[in-house]
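Every chain is numbered from 1, with letters handed out A, B, ... down the list of sequences.
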Protein chains: 2
Amino acid sequence: MTITRAERRLRSERRILDAARALFADRGFERTTIRAVAAAAGVDPALVMQYFGSKQELFSRAVQAVPTKEGEPGEARDLAGRMLETLGMKLGGLSPASLAMLRSMLTHPEAADAARTALGGQIDRVGAELPGDDARLRAALATSVLLGVTVGHQLLGLDPLRDAPREEIDRLLRPALLALLGERE
Amino acid sequence: MTITRAERRLRSERRILDAARALFADRGFERTTIRAVAAAAGVDPALVMQYFGSKQELFSRAVQAVPTKEGEPGEARDLAGRMLETLGMKLGGLSPASLAMLRSMLTHPEAADAARTALGGQIDRVGAELPGDDARLRAALATSVLLGVTVGHQLLGLDPLRDAPREEIDRLLRPALLALLGERE
DNA sequence: CAAATCGCTCAACGATTGTTGAGTGTACGG
DNA sequence: CCGTACACTCAACAATCGTTGAGCGATTTG
């Protein structure tokens, strides 16, 4: 029942990271102040600096995705289904870390780099499974399509998307994705 | 050859607006400082305030789209073609005003409102031309699809999209759009 | 031609921000 | 049980930001 010192530290660090993720996710990098993160974590602003060194470093740490365990429940077999899962169009939605990155990707250079890297990885992975010499372009378009729906749904909150059940979105999106990926499968 | 006083004022106002649009478009609202806008326009920061009242008001004015003349050259007849044109996937790309709005839409509340309004209008317009009771959802998805490609292409600069000629993107995107809009036409 | 008007600049204020260094109290190791 | 180490706070600094009010000089007006 006694809480060791190292444990206290880890606990504080996690509370700060959680608060930072939440704030970064719904206000973006610039509008999120270290003081606000500290307040939300019930901690002094100086402690945040002491643990993470700078606001930028805090952001980087907050955005680092918790390693997704391979072979999750819904595990889809076809490429389109896997893509729909990856970008959170199914199941419970995106992680706070991903949302934080997406929220700032248009206005914060480091977030843009992270987004380019993440999306680039997805593009390469999908492109490798497609035939033809426009495979990469098709993959990039398919990834951008899901990015757009995610942005419209999770970040902008477009009414028709917010109101629609996720399976309905999935159902309408799948044929479009298949058309993009080359009509095969 | 003499420049009247009113003319000088209009000229300065336009230079400020142009500079503001350019800076808002590539750094977003928060990272764009009034001092930077003034410097780019060759003017004192106080003048910007005097003309526009506040940074927010400057942003609103800078984002106001120049009224698009109806019936432009490329004038496409089918719905998919018109959508592709509207979101700048064809021709010369988006206006600086639109880019400025899109750049800030995830992090600046007023820009988000503007984006929701603009995209909502497009959704209504497209949805009105579709049959079925999921018309609005289909329209919202189609609009989000183009939003995603625009974001990936113009704002994030994803390599495969940057390198591809616009007609190629158009060619690959059209079947996907048609699949989303209901397979008709 | 005198006076009012107007485009425009200068200098500064107040608030907020990220960041820092000194200090405090308590768990820890010997 | 004592001294060290460490989690944590307090107070402040320096820079930057949006914003303001006074003032200058040229142009317009009567």
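- A sub-4.0 Å separation between OP1 or OP2 of C:dG7 and a side-chain N or O of B:Arg8 is absent.
- For the pair A:Asp44 CG and C:dG21 C1', the interatomic distance rounds to 13 Å; values are reported in whole Å.
- Within 4.0 Å of A:Tyr51, counting heavy atoms only, lie sugar-phosphate atoms of the nucleic acid but no base atom.
- The only member of A:Arg5, A:Arg9, A:Arg11 that meets side-chain hydrogen bond (donor to acceptor under 3.5 Å, both in side chains) when paired with A:Glu7 is A:Arg11.
- Remark: A:Ser12 is in phosphate contact with D:dC8, judged by side-chain N or O atoms under 4.0 Å from OP1 or OP2.
- When the nucleotides D:dT9, C:dT19, C:dC8 are ranked by their closest atom to the side chain of A:Ala46, D:dT9 comes out on top.
- Distance, B:Ile16 CD1 to D:dG18 P: 14 Å, rounded to whole Å.
- Relative to the ring axis of B:Tyr51, B:Arg61 does not place its NZ or CZ within 45° and under 6.0 Å from the centre.
- Phosphate proximity of C:dC28 to A:Thr4: present, with a side-chain N or O under 4.0 Å from OP1 or OP2.
- Separating the CZ atom of B:Arg35 from the P atom of D:dA15 is a distance of 14 Å, rounded to the nearest angstrom.
- With hydrogens and angles left out, the side chain of B:Arg5 and the base of C:dT5 share a donor-acceptor pair within 3.5 Å.
- For B:Gln50, whose side chain is taken as the heavy atoms from C-beta onward, the closest listed nucleotide among D:dC17, C:dG18, C:dC8 is C:dC8.
- For the pair A:Leu47 CG and C:dA22 C1', the computed distance is 16 Å after rounding to whole Å.
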